[in-house]
J.: 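Sharing a structure below in structure tokens format, with a few things to ask.
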Amino acid sequence: MAAEPTRPPSQETASLVKRLAGPSTGKAGLAKDQEDINRIIADVSKGSKFYENEKKKDKELTKKIEHILHLRDELTKRPGVDLPKIEASLRKLESERDLSQTIVHFDLDSFFASVEVLNDPTLAGKPFIVGGSVVSTASYEARKYGVRSGMASFIAKKLCPQLITISHGFSDYSEMSHKVMAICKRYDPSLCPAGCDEGYLNITAYCAEHDLSADECVEHLRSAVFAETKLTVSAGIAPNTMLAKICSDKNKPNGQFHLPFNSEAITSFMRDLPIRRVPGIGRVSERLLESIGIKTCGDIYTYRATISLMDKQFGLLHLLRTHLGIASNSVQPPQREERKSIGAERTFPPLADKQKILEKLDEVCVELESDMEETQWTGRTITLKYKLDSFEVFTRAKSHNRWISKKEDLFAVGQELLLPELPLSIRLIGLRVTKLKDLREPDPSIGIKRFFETTNSSSPNKKRKVSPSRQDELNGDPPIEDDTLPTLLPLFQSDGPQNTEPTSSRSVKPDSEAPRETHTCPVCEKEVTTENQTLNEHLDLCLNRNAIRQVQGEIKPVKLARAAPKQGDIWEQWMKKASGSKRT
DNA sequence: CTTTCAGGT
DNA sequence: TGGGACCTGAAAG
């Protein structure tokens, strides 16, 4: 074996070499010899199935970029860029900038690795990783060699032969995580965890009550965490969550960074910020933006005309907000009803035998059933996911008119989706349930129902909006009992948290006199008389209007994928891992 | 609407 | 030896 990487026929494109280095490369500060490191990674990877798949994906992205550039050139030929309108948007955004809230993002420094050092102090100062076949966390020593989370462990070993590997001790992490979260919660009871080792706080009230500056408050927090857990934490202080998150990286490890709370400072902070630092911009979006010249958030302004022409692809408004450093400043614990899906999946050495594959499917079903049971969800559409030994991923889904949560049902549906695909050689199988129903809150639409009830009580036209497919509900399957006007519900919810529910509808029922009561329409907030006819007509109209507005894209369409804003329930995931795994 | 897929963490 | 597991939202049909 030649230890020296010979570098002749390396035909990788720069983008592929970079891609192979892994998703987290480039997010944090990269080593000076990153080029060499990437070269080694590419050489070690060469020829593997994983490598070939990455190459294929890279090629597809390159093609997509060509297409985008072509489209840009076509669009540029014609007029149609309304620069004054963009300026107006910017002014409007600027005028709405809210600097009144002090938001903190905190982030434990190499969390898993730090916990392991506490368990075994002899690890301190050594290059080691926590992980299995994939690196979860690399110690700072290991990072010097280019080892990064998400990297295959055997690659990490190549980069750093003396690397020590520690397997996960999830129960330890969970315990520490809970401690840290509890401490942070003292500063804001509405803390929003963003993983096991990070989270957001709004410390505005705490600072006011304790007569503290934001810096002092965060210093307190960090020293409290250290005193009580011996873990160091970094933090960012800024007027919104996006900025706070970026700032928490600024003085890592064991530091904090406070962005000045004024428009000029923020705008100049954004100007040179690499677009990749923005939460939600991953390596694909980075490349897409780079292709039209955008490397930093300042470039967004420079290329605003291009973005505007390609609003559909890039999402002008969101990028303008990013350029200005404007984002949400509300910090809320994740709401249960925000969850959209629940699933389980498993990777294993490639399998081609039908029986063995079905065994894996069964394992997944068992796990999923218990998750759904614990968290009290059921759902009606099932998605099967499988990954070939070539690393290509496929999904197959089917919706049903019944609620599914038992492992037998999951297995039956999963099998039904899988069998037609065989024969296959696969390395992963997973199931995901969507179109969820919350078994904990049997009737989440109580407010809405109440609204209809109080207004419709004596009405014979009660059957409005009964789903048409209801009739052909078949063969003794338990029907979906909870008819919550499925098409209407999202509209009410999407109205935002402020605007909770029609409080007026609750109090209106004197029941005797007052023949002409009015309600506040939950959609447009106009006053409407409660006569059935009028009310229903109004609602139909109003709901329709909203639906049309959405379709017409007044609600932003974006091709640049956005990060999952708030993941379902990260917390439960961690609880699960902690309880389900023991160190071996 | 339902299914498939890409993207991010 | 060895390349994860979650989740969301948009595109496509």
Side-chain angles (χ1 to χ4, degrees), chain A residues 20-24 27 41 44-45 48-54 57 60-61 64 107 131-136 148-158 165 168 194-198 245 276 278-288 312-313 315 334 338-350 364 367-368 371 380-385 387 389-400 417 427-436 467-469 486-487 547 551 553 555-574 576-577 580:
Chain A
L20 287 166
S24 67
K27 202 64 178 173
I41 296 171
V44 173
S45 306
S48 69
K49 299 204 159 151
F50 182 80
Y51 171 89
E52 294 301 325
N53 191 246
E54 291 297 296
K57 288 198 285 187
E60 280 163 9
L61 220 202
K64 183 171 173 184
D107 192 343
S133 55
V134 173
V135 177
S136 289
R148 291 288 181 277
S149 59
M151 181 179 275
S153 295
F154 78 93
I155 304 262
K157 267 276 175 25
K158 290 275 185 200
T165 301
H168 295 106
C196 63
D197 65 342
E198 61 180 291
K245 165 120 186 161
R276 182 70 164 84
V278 176
I281 308 264
R283 36 179 188 168
V284 173
S285 300
E286 179 188 32
R287 263 196 78 192
L288 291 173
K312 189 120 193 300
Q313 284 72 25
E338 290 173 32
R339 222 213 231 244
K340 300 280 181 9
S341 73
I342 180 168
E345 62 192 70
R346 168 154 315 194
T347 297
F348 38 80
V364 166
E367 187 180 333
L368 185 51
D371 284 359
R380 45 176 288 261
T381 123
I382 309 293
T383 303
L384 171 81
K385 168 181 172 184
K387 192 189 281 185
D389 56 6
S390 61
F391 290 91
E392 292 168 289
V393 176
F394 298 87
T395 58
R396 298 287 178 262
K398 185 153 175 56
S399 297
H400 290 266
L417 291 164
R427 60 169 9 261
L428 171 147
I429 195 157
L431 277 187
R432 174 157 300 278
V433 181
T434 50
K435 305 292 166 62
L436 295 181
S467 91
S469 63
T487 56
V551 171
I555 303 208
K556 63 198 169 188
V558 188
K559 189 126 177 219
L560 278 185
R562 292 257 213 306
K566 214 182 274 172
Q567 232 142 4
D569 195 343
I570 293 164
W571 209 230
E572 281 160 16
Q573 282 173 39
W574 281 96
K576 181 179 108 193
K577 276 196 185 172

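Since this is a predicted model, take the numbers as computed values, not measurements. The figures here come from the full heavy-atom set of this structure, side chains too, leaving out hydrogens, waters and symmetry mates.
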J.: Any side-chain N or O of K340(A) under 4.0 Å from OP1/OP2 of dG9(C)?
T.: yes
J.: Any side-chain N or O of K64(A) less than 4.0 Å from the OP1 or OP2 oxygen of dG7(B)?
T.: yes
J.: Looking only at side-chain N and O atoms, does S399(A) come under 4.0 Å of OP1 or OP2 in dT3(B)?
T.: yes
J.: Looking at R427(A), does any N or O in its side chain come under 4.0 Å of the phosphate oxygens OP1/OP2 on dG4(C)?
T.: yes
J.: Between E54(A) and K57(A) (salt bridge meaning N to carboxylate O under 4.0 Å), is one present in this structure?
T.: yes
J.: Mind checking ring-ring contact (aromatic ring centres under 6.0 Å, His included) for F348(A) and listing every partner two or more places apart, or none if nothing turns up?
T.: none
J.: Between dG7(B) and dG4(C), how far apart are the C1' atoms? Round to whole Å, please.
T.: 15 Å
J.: Whether R339(A) contacts dT8(C) is assessed here as follows: a side-chain N or O lying under 4.0 Å from the phosphate OP1 or OP2. Is that the case?
T.: no
J.: For V393(A) and for K245(A), locate the closest nucleotide of DNA chain B by heavy-atom distance; then report the residue assigned to the nucleotide nearer the 5' terminus.
T.: V393(A)
J.: Quiz question: going by heavy-atom distance under 3.5 Å, is there a donor-acceptor pair between the base of dG3(C) and the side chain of S45(A)?
T.: yes
J.: Below 4.0 angstrom, N of the basic side chain to O of the carboxylate: do K387(A) and E345(A) qualify?
T.: no
J.: Is the distance from OP1 or OP2 of dT2(B) to the nearest side-chain N or O of K435(A) less than 4.0 Å?
T.: yes
J.: Kindly say if R283(A) contacts the phosphate of dG8(B), meaning a side-chain N or O under 4.0 Å from OP1 or OP2.
T.: no
J.: When you measure from the side-chain N and O atoms of S285(A) to the phosphate of dG8(B), is any distance below 4.0 Å, counting only OP1 and OP2?
T.: yes
J.: S341(A) side chain N/O closer than 4.0 Å to the phosphate oxygens (OP1, OP2) of dC6(C)?
T.: no
J.: Look at the side-chain N and O atoms of K158(A) and state whether any lies under 4.0 Å from the OP1 or OP2 oxygen of dG2(C).
T.: no
J.: Residues in side-chain hydrogen bond (donor to acceptor under 3.5 Å, both in side chains) with E52(A), at least two apart?
T.: none
